[in-house]
Amino acid sequence: MLRIYDTLEGRKKEFVPVREGKVGMYFCGMTVQSEPHVGHMRVAVVSDLFKRYLRYKGYDVTLVINFTDIDDKIIEKAGEEGVDYLEIAQRNIDKFMEFLHFLGAEEADHYPRATEFVGEIIKLVERLVERGYAYESGGDVYFEVKKWKNYGKLSKRNLEDLLAGASQRVALDDKKRNPEDFAVWKAAKEGEPAWESPWGMGRPGWHIECSAMSTKYLGEHFDIHGGGTELIFPHHENEMAQSEAATGKPYVNHWVHHGLVNLVGEKMSKSTGHFKTMEEIAAKFPPDVVRFYLLSTHYRTQIEFSDERLEEAASSIERFENLFRTLDRVVGPEGQGDEGAEPSAAMEEERAKFIEAMDDDLNTAQAMGHLFEAVRVLNQEIESGASAEVLRADRRTLRGLLDILGLLKDLETAGEDAPEEVEKLVAARTDARAARDWARADELRAEIEAAGYTVEDTPDGPVVRKAR
RNA sequence: GGCGGCGUAGCCAAGUGGCUAAGGCAGAGGACUGCAAAUCCUCGAUCACCGGUUCGAAUCCGGUCGCCGCCUCCA
């Protein structure tokens with residue numbers, strides 16, 4: 001039984017799809033006023049993880065990741081740079097997509113942008129006004145928070161707390177009836193991007209686009225809505241209020257919030273400039289290392305991103321690389337002839353535990369522990385001379401589990417050919433060893449290593465590969 | 001100030017009432033090896049602190065200390 005945590009209820013709940021056999025998921029991608037950073041890598045990986053696992057569980061999954069390409073910040077930025085706001089949006093969306101691919105995440109099914117849904121947004125705002133939850137004021141339209149009795153349920157705060165906390169910060173806007181009300185539609189100022197609406201020229205407020213776009217693709221009530229924890233308030237709280245007020249139905253079954261990524265103890269933030277871009281990370285570490293690191297902690301836990309952590313992940317991955325390389329040597333490459341045989345009992349046990357861990361709110365940290373155990377199982381089998389049939393079956397099983405996590409697809413096991421001069425050194429070393437001239441052999445190995453390669457002696461002869 | 005979360009071995013990180021507290025990185029010893037590498041075997045935790053509930057607590061309750069997040073644009 002698959003259980004997934006829900007922020008709204010504050011507990012893990014059994015996953016029961018709204019529509020049998022199907023899963024609708026919506027993840028808040030990014031507001032595209034600036035470059036994607038490490039935090040966005042986590043959304044990319046977490047949304048992909050959910051997609052892959054739910055599909056593994058047999059569901060037909062639809063994943064929507066949105067881009068909010070119109071808001072105060074991007075207009076501001078466009079002004080600063082003197083370019084069209086859509087140009088900035090496109091540039092950052094392109095980067096996001098580039099690194100999504102870098103991380104080995106599958107494409108989502110839809111990537112809606114707020115500006116493409118203004119018509120839907122206007123309809124939704126009209127509906128809110130008709131139902132008495134929103135009011136027009138000077139060209140703006142506000143959601144009247146106190147009309148919605150469930151307001152605060154998601155972020156677990158009440159109106160009084162909110163007002164107490166915000167009283168010093170939120171300037172009283174005389175267009176609003178109440179300080180806690182939020183804009184669903186904003187009148188455009190001179191020169192700002194604007195759309196025609198029943199309330200004059202204007203543009204969508206911040207939260208409304210997600211309500212409109214999620215409903216468009218997934219219906220008024222869908223399964224999973226995700227994003228970072230910092231979006232719980234106000235973004236998701238407001239989004240939920242709008243959607244439920246408009247439809248009178250529950251909006252989503254599982255609110256999934258992943259922990260934030262910190263850099264040396266401090267949260268990354270666009271406003272303080274304290275963040276690492278995806279580009280900086282990608283330049284330094286291979287995709288699998290980043291993905292492995294991101295998955296080695298449970299998705300709801302906040303994590304710290306640092307070079308040391310990534311180096312550790314890289315070391316961990318070597319265990320898999322070494323195993324697959326050895327298996328290639330011992331039983332040949334993956335693929336042909338791997339079907340048929342049943343995995344060993346030890347491997348089957350690890351597989352079952354892996355799935356059990358994943359069924360418990362996608363606990364990748366625990367699941368990966370079993371992956372390492374599976375590696376040990378295979379290594380033990382190799383040591384004890386298990387049959388090629390069993391080794392192949394077990395390798396295939398392990399590969400299947402890695403695929404669920406989208407990990408290590410392109411493991412380098414063959415160890416591409418070393419340059420000719422290195423090959424010559426290796427050959428010379430083999431001769432020296434045959435002649436039991438150990439001093440010469442060691443000397444040659446030193447030369448090979450100086451050239452950036454390592455040589456390992458195996459029962460099947462020396463294996464050369466690039467040193468890490 | 002209000003709300004939420006966290007504190008598990010040198011580091012990272014699972015486990016939330018009961019078998020010997022997963023796993024990884026780093027480290028030590030052993031096996032294998034001409035030497036290595038890889039691999040296998042072995043080795044490390046009074047679960048922040050104090051008190052309580054319980055036959056039994058890392059796990060539940062109360063308190064203390066420390067860290068983080070949200071309350072304001074942000075994955």
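Throughout, protein chains are lettered first and strands after them, A, B, ... in sequence-line order, and every chain is numbered starting at 1.
Shown are Phe233(A), Phe143(A), Phe182(A); of these, the ring pair (Phe, Tyr, Trp, His ring centres under 6.0 Å) with His207(A) is made only by Phe182(A). Tyr299(A) pairs with exactly one of Thr364(A), Val43(A), Val256(A) by the side-chain contact (heavy atoms from CB on, under 4.5 Å) rule, that one being Val256(A). Residue Phe67(A) forms a ring pair (Phe, Tyr, Trp, His ring centres under 6.0 Å) with just one option from Phe27(A), Phe117(A), Phe96(A), and that option is Phe96(A).
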Go through Glu107(A) and Met97(A) one step at a time and tell me if the side-chain contact (heavy atoms from CB on, under 4.5 Å) criterion holds. CA-CA 9 Å; Glu107(A) 292 251 340; Met97(A) 296 307 287; 3.8 Å; yes
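For A21(B) and C47(B), the P atoms lie 12 Å apart once the distance is rounded to whole Å. If you take atom P in C41(B) and the same atom in C25(B), they sit 13 Å apart, rounded to whole Å. Using C1' as the reference atom, U54(B) and G5(B) are 27 Å apart when rounded to the nearest Å. With C1' as the reference atom, A48(B) and A38(B) are 40 Å apart, rounded to whole Å. Separating the P atom of U16(B) from that of G29(B) is a span of 36 Å, rounded to the nearest Å. If you take atom P in G66(B) and the same atom in C49(B), they sit 16 Å apart, rounded to whole Å. Atom name P, nucleotides A9(B) and C65(B): the rounded distance is 22 Å, in whole Å. Separation of the P atoms belonging to U20(B) and A26(B) is 30 Å when rounded to the nearest angstrom.
Across all strands, Thr301(A) comes closer than 4.0 Å only to sugar-phosphate atoms, never to a base (heavy-atom distances). Backbone-only contact: Gly29(A) has heavy atoms under 4.0 Å from sugar-phosphate atoms and none from a base. Among the heavy atoms of the strands, none lies under 4.0 Å from Val46(A). At the heavy-atom level, Asn379(A) lies under 4.0 Å from the strands shown only through sugar-phosphate atoms. Within the nucleic acid shown, Glu373(A) comes within 4.0 Å of sugar-phosphate atoms alone, with no base atom in reach, counting heavy atoms only. The residue Glu383(A) sits close to a base: some heavy atom pair falls under 4.0 Å. At a threshold of 4.0 angstrom between heavy atoms, the contacts of Arg42(A) with the nucleic acid are absent. Within 4.0 Å (heavy atoms only), His235(A) reaches no atom of the nucleic acid at all.
Under the 4.5 Å side-chain criterion, counting only non-hydrogen atoms from C-beta, Val32(A) is not in contact with Ile88(A). A 4.5 Å side-chain heavy-atom check between Glu311(A) and Glu308(A) finds every atom pair outside the cut-off.
Side chain of His225(A) to backbone of Val252(A): no donor-acceptor contact under 3.5 angstrom is found. The closest donor-acceptor contact from the side chain of Glu237(A) to the backbone of Leu154(A) lies under 3.5 Å. The backbone N or O of Pro112(A) lies less than 3.5 Å from no partner atom in the side chain of Asn66(A), so there is not a single donor-acceptor pair.
Counting only heavy atoms from C-beta on, Asn363(A) has its side chain closest to A14(B) among A14(B), C73(B), G24(B). The nucleotide whose nearest atom lies closest to any side-chain atom of Lys156(A) is, among C3(B), C11(B), A75(B), C3(B). Taking every side-chain heavy atom of Asp71(A) into account, C73(B) is the closest of C41(B), A75(B), C73(B). Nearest nucleotide to the Asp457(A) side chain, out of C70(B), G23(B), G34(B): G34(B). The Ser315(A) side chain lies nearest to A26(B) when the options are C12(B), A26(B), A75(B). You'll find that the side chain of Val261(A) is closest to A75(B), out of G23(B), A75(B), C25(B). Listed nucleotides: G69(B), A36(B), C3(B). Nearest to the side chain of Arg445(A): A36(B). Side chain of Gln33(A), nearest nucleotide from C41(B), C73(B), C11(B): C73(B). Side-chain atoms of Ala365(A) lie closest to A13(B) of the nucleotides A75(B), A13(B), C71(B). The side chain of Arg433(A) lies closest to G34(B) when the candidates are C70(B), C25(B), G34(B).
Look at CD on Glu356(A): it is 12 Å from P on G15(B), rounded to the nearest Å. Distance CD (Glu304(A)) to P (G5(B)): 22 Å, rounded to an integer number of Å. Straight-line distance from the CZ atom of Arg319(A) to the C1' atom of A26(B): 14 Å, rounded to whole Å. A straight line from CE of Met358(A) to C1' of A22(B) spans 16 Å, rounded to a whole angstrom. Look at CZ on Arg329(A): it is 12 Å from C1' on A37(B), rounded to the nearest Å. Between Leu401(A) atom CG and G23(B) atom P there is a gap of 17 Å when expressed in whole angstrom units. The distance between atom CD1 of Ile303(A) and atom P of C68(B), rounded to the nearest whole Å, is 17 Å. Between the CZ atom of Phe320(A) and the P atom of U39(B) there is a distance of 12 Å, rounded to whole Å.
Between Thr7(A) and G4(B) there is no side-chain polar atom (N or O) within less than 4.0 angstrom of OP1 or OP2. In this structure, Arg429(A) does not reach the A36(B) phosphate: none of its side-chain N or O atoms is under 4.0 Å from OP1 or OP2. One finds a side-chain N or O of Gln380(A) lying less than 4.0 angstrom from the OP1 or OP2 phosphate oxygen of C41(B). Distances shorter than 4.0 Å separate some side-chain N or O of Asn322(A) from OP1 or OP2 on U39(B). OP1 and OP2 of A13(B) both lie 4.0 Å or more from every side-chain N or O belonging to Thr364(A).
The 5' end of RNA chain B is approached more closely, in terms of each residue's nearest nucleotide, by Phe292(A) than by the other of Arg436(A) and Phe292(A). Nearer the 5' end of RNA chain B, as judged by each residue's closest nucleotide, is the contact made by Met368(A), out of Leu231(A) and Met368(A).
Judged by ring centres under 5.5 Å apart and planes tilted less than 30 degrees, Trp438(A) stacks against the six-membered base ring of G34(B).
Under the Watson-Crick or G-U wobble criterion, with both distances below 3.5 Å, A21(B) is left unpaired in every strand shown. Checking U16(B) for Watson-Crick or G-U wobble geometry (two distances, each under 3.5 Å) identifies no partner in any strand. The partner of C43(B) is G27(B), by the rule that a Watson-Crick or G-U pair needs both atom distances under 3.5 Å. With a 3.5 Å ceiling on both atom-pair distances, C32(B) lacks any Watson-Crick or G-U wobble partner. The base-pairing partner of C6(B), taking Watson-Crick or G-U wobble contacts with both distances under 3.5 Å, is G66(B). Base pairing annotation: U59(B) forms no Watson-Crick or G-U wobble pair, as no partner gives both donor-acceptor distances under 3.5 Å.
Taking the six-membered ring wherever Trp is involved, the centroid distance between the rings of Phe222(A) and Tyr217(A) does not fall below 6.0 Å.
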